[in-house]
Amino acid sequence: MKRPDKSAALGKQAEKLLRLPSGWVASRKEGSGLSGWRRGSIPALLSILVAFLLVFHATVPNTIGRLGSLLETFLPWLGSAVPGLLALAFLRRSFVALIALLLPVVAWISLFGYLLFPSHESAGEITALQHNVSDENPDPAGTARVLIKAQADLIALEELTPSALPALAAAMAPDYPHHATKGTVGLWSKYPLSDVRPVDIRPEGIGEDWNRGLRATARTTQGDVGVYVAHLPSVRIGLRSGFSSAWRDESAVLLGEAIAAERLDKVILLGDLNSTLDDRGLAPVSSQMNATGSGFAFSWPATLPVARIDQIMTRSATVTDVWSLPATGSDHLPIAAHIRL
């Protein structure tokens, strides 16, 4: 009688133990070579595309409908493609697709991962707050009460109207004895303010009654700080016009020039810039300023925030963290930040 080959039996048992779930390793006839690649080619290519857009978003041109700025406005949301691509990789049972998925994951973490974790910096000496109160706000006094609860040292407001300003000012006066307004923007401060003046950020063709910028010196316990409040023009998204941001971009250039000419070393910029920090349209400003604090702090629209177009930025100071506040009667959420001078 022929004895059974023990080595062969052990080999079969080891093969069973090491065997992956059905479908993940294709047979020699179906899964090798080009056919195995094709099975995961579509999700793999989509993963590569997402990673490319995350890392090289600046290469997307603005010549047609300002697609580059539109992409950069919602750049963090490209990460939402990862769960779908992961499901597609499992559906296709493709190792190729899974490996390719690492590219957008690594790219997203390298760009935005720091926003997910609290800052290790010590609390800042100043807390600043920024809010577009909306010119259609039905309860400006109630909005003021929400903002006061944040106990910020500086509060910048935009879309101030003649009808709403008295109620806002009266509600905030006990906590903020120093304030200044120019046109539709204002600054409330616990520190004395001096050298208050308007900042002309009007794009060409807009009338002189359009006043959306101011500059003041805040005399803090850490020294004088130049504080800017700005409201850049709105952008529009249309099927024919695309992402219309020409006026916003022109206004950003003027604001950047004003900040570059600022004589004080320390600067704080508070404003509705109608732009995210990734948008190249804000480069004339963002290239000079720091806004690296942890937290996404999406501020618009208030009902379902998907982007932070309200900004708190600094020069020769550090934004340690930034966060959103509860909704008011505005279509924007207020945002606040700790600033270490």
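Positions are given from 1, in the same order as the sequence printed here.
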Given the rule in the side chain to side chain contact (heavy atoms under 4.5 Å, CB included) test, do D272 and I309 qualify, once you have shown the distances and angles that lead to the verdict? CA-CA 6 Å; D272 173 5; I309 61 176; 4.1 Å; yes
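- Using a 4.5 Å heavy-atom threshold, the side chains of L101 and V82 count as touching.
- Residues H131 and T328 have side chains that bring a donor and an acceptor to within less than 3.5 angstrom of each other.
- Grouping Ile, Leu, Val, Met, Phe, Trp and Tyr residues whose side-chain heavy atoms lie under 4.5 Å apart, directly or via other members, places L277 in a hydrophobic cluster with V199, I201, I206, W210, Y228, L232, W247, L254, L255, I259, V267, L269, L273, L282, V285, M289, M313.
- Checked by atom type and distance alone, the side chain of S251 never pairs as donor or acceptor with a backbone atom of R248 at under 3.5 Å.
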Under the side chain to side chain donor-acceptor pair (under 3.5 Å) criterion, do D279 and S69 qualify, and how do the steps go? CA-CA 5 Å; D279 187 344; S69 286; 2.9 Å; yes
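- Aromatic ring pairs are classed by plane angle as parallel below 30°, tilted from 30° to 60° and perpendicular above 60°; the pair F296 and F112 is tilted.
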L67 and L71: CA distance, side-chain angles, deciding distance, side chain to side chain contact (heavy atoms under 4.5 Å, CB included) verdict: CA-CA 6 Å; L67 291 177; L71 169 67; over 6 Å; no
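- With hydrogens and angles ignored, the 3.5 Å screen pairs no side-chain donor or acceptor of Q288 with any backbone N or O of R315.
- Looking only at distances, no side-chain donor or acceptor of R280 sits under 3.5 Å from a matching main-chain atom of E72.
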Show every donor-acceptor pair shorter than 3.5 Å between a side-chain atom in residues 152-174 and any protein atom, with sequence neighbours excluded, or say none if there are none.
| residue | atom | partner | partner atom | Å |
| --- | --- | --- | --- | --- |
| D153 | OD2 | T127 | N | 2.8 |
| E158 | OE1 | Q130 | NE2 | 2.4 |
| E159 | OE1 | D135 | N | 2.8 |
| E159 | OE2 | N132 | ND2 | 3.2 |
| T161 | OG1 | S163 | OG | 3.2 |
| T161 | OG1 | A164 | N | 3.2 |

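- With a 4.5 Å cut-off on side-chain heavy atoms, P233 and P203 count as touching.
- Of the residues I48, V50, L78, the one that meets the side chain to side chain contact (heavy atoms under 4.5 Å, CB included) test with P104 is V50.
- Listed here is the closest heavy atom pair of A180 and V196: CB-CG1, 3.6 Å.
- Hydrophobic clustering (side-chain heavy atoms under 4.5 Å, transitive across Ile, Leu, Val, Met, Phe, Trp, Tyr) keeps V106 apart from L85.
- The shortest distance between side-chain heavy atoms of K190 and Y176 falls below 4.5 Å.
- Between P76 and D278, the closest side-chain pair of non-hydrogen atoms falls below 4.5 Å.
- In this structure, D310 contributes its side chain and P334 its backbone to no donor-acceptor pair below 3.5 Å.
- Here the shortest heavy-atom pairing between D139 and N137 reads N-OD1, 2.8 Å.
- The ring pair (Phe, Tyr, Trp, His ring centres under 6.0 Å) contacts involving residues 301-327 comprise W323-H338, where partners must be two or more places apart or lie in separate chains.
- Salt-bridge annotation for D195 and R215: present, with a side-chain N of the basic residue lying under 4.0 Å from a carboxylate O of the acidic one.
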